[in-house]
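In listed order, ligands and their atoms are each counted from 1.
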Amino acid sequence: MHVDRRNPPATLLTHASQLLTLRGGDGGPRRWTQMCELGIIDDGAVLIAGEKIAAVGTTDEITKHELAKQAEDIDCSGKVILPGFVDSHTHPVFTAPRLIDFEKRIAGASYEDIAASGGGIRASLRGVRESSKQALAVHVLRALDDMAAQGTTSVEAKSGYGLSFEAEMKSLEAIGEASEQWPGAVVPTLLAAHVFPPEYREDHDEYVRLICDEIIPAAAKRKLAEFVDVFCERGAFSLQRSEHILRAAIGNGLGVRAHVCQLTLTNLVPLLRLHPASLDHMDFVADDDISALARVDTVATLLPAANYFLGLRSFPPARKLIDSGVAVALATDYNPGTAPTPSMPFVLSAACTHMKMSPAEAITAATYNGACALRLQARKGSLEPGKDADIAVFDVRDYRELAYWFGVSRCCETFLRGLRRRRSVATSCLP
Ligand code: NIG
Ligand code: FE
């Protein structure tokens, strides 16, 4: 990635055909028709000072700003500017693609069949356990760079392929090391409760004890994680065990989130009592739980790239959730088993085509509501003075094109806390 680490005193982006500000929220996640309000400014401009946004408005207004006179000017004619994507659910600490699983699935096996026959999450364990922290950090950094190339500026990153005390700590440290070298924001999440590792096959209670009494306290004490996640699902962690683990997280001062309802329906009420920042996947949700979700600030994070990659016919019920008042976010779920993609634009495409979200709803879900899912909305997710200068520039004239094109990257610039990341010269946008 080419990042210009010498920030000019100020940078001025001008003449965007559309500037999507997403400004004017009330501090909570967006729901209902609020998800369609992109706060569009035609012929828009953004003034960046250091790591922060100094001003947004029309080009006419912003060029009169005192600071604009000394700013480096970047002409964004014919382009769309928006807040950088917030990818609020990723699993980047792995070392190799799972090609055997891939071929088995093509031949007709399901995700659960493959896991039961020795593939799945456990097939990624050995690579992580045998790798050094530095080697893992290289994999994570590469994923972060791929994400930034597609307009992502904030990423939640989970451990979860180590599944021992040492390998989970090493995974979180690798996330920390990669995040020091990446100018965007990385939110580390402990996912020791992904599946039961082989050595605890006969003693699940003991692995839960290890997570609650040793792994979570150590991750909290060493400030290696901000959240604890759990895969609450048939074949992984029961609702009761999930609750127990998340309570231990809260007891250690960490935030909580969970993978739920990916393969089967789970009663969400006990989890909602723990005030999770987000509940993710949500393919199968009961009507009562949808009503309960609509009353709280927990974000439902939908991950349609996983449905696409698993070749499923059904997708999460985005329309029903949004039309019931649930706050919905979109994320990639970047991982080697169900979603090997770093691309939020691909997720927008899948969300619109397969879940019938409007392009405006999908953009809100991938920016502002993603920030809410990480509790970062005070700094991220919209372009407003005082917020972090996390910005994506796309070589399209109309915001709806962000979700329209697929299989091609139209992102031409990303600003990560004010640092400019450009596409390499050979592929840079034409004027
Ligand atoms: O979100 N479902 C649990 N975790 C991941 C898949 C992990 C894997 O298969 O490696 C998911 O889809
Ligand atoms: Fe996941």
Donor-acceptor pair, Thr301 side chain versus Leu330 backbone, under 3.5 Å?
no

Parallel, tilted or perpendicular: which one describes the rings of Tyr334 and Phe94, with boundaries at 30° and 60°?
tilted

Can a salt bridge be assigned to the pair Arg273 and Glu243 using a cut-off of 4.0 Å between side-chain N and carboxylate O?
no

So, does Lys170 use its side chain to make a donor-acceptor pair with the main chain of Arg129 at under 3.5 Å?
yes

Listed by chain and number, what are the ring-ring contact (aromatic ring centres under 6.0 Å, His included) partners of Tyr368, not counting sequence neighbours?
none

Between Asp388 and Lys52, is there a salt bridge with N-O shorter than 4.0 Å?
yes

Taking atom types as modelled, find out whether His89 and Asp333 have a side-chain donor-acceptor pair closer than 3.5 angstrom.
yes

Which protein residues have a heavy atom closer than 4.0 Å to any atom of ligand 1, listed by chain and number?
His89, His91, Arg98, Tyr111, Ile121, Tyr161, His194, Phe231, His259, Gln262, His281, Asp333, Asn335, Gly337, Thr338

Protein-side N, O or S atoms sitting under 2.8 Å from the Fe ion (ligand 2) are His89 NE2, His91 NE2, His259 NE2, Asp333 OD1

Tell me if a side-chain donor or acceptor on Asp390 pairs with a main-chain N or O of Gly184 at a distance below 3.5 Å.
no

Going by the rule salt bridge (charged side-chain N to carboxylate O under 4.0 Å, His left out), which residues pair with Lys356 if we only count those two or more places apart in sequence or in a different chain?
none

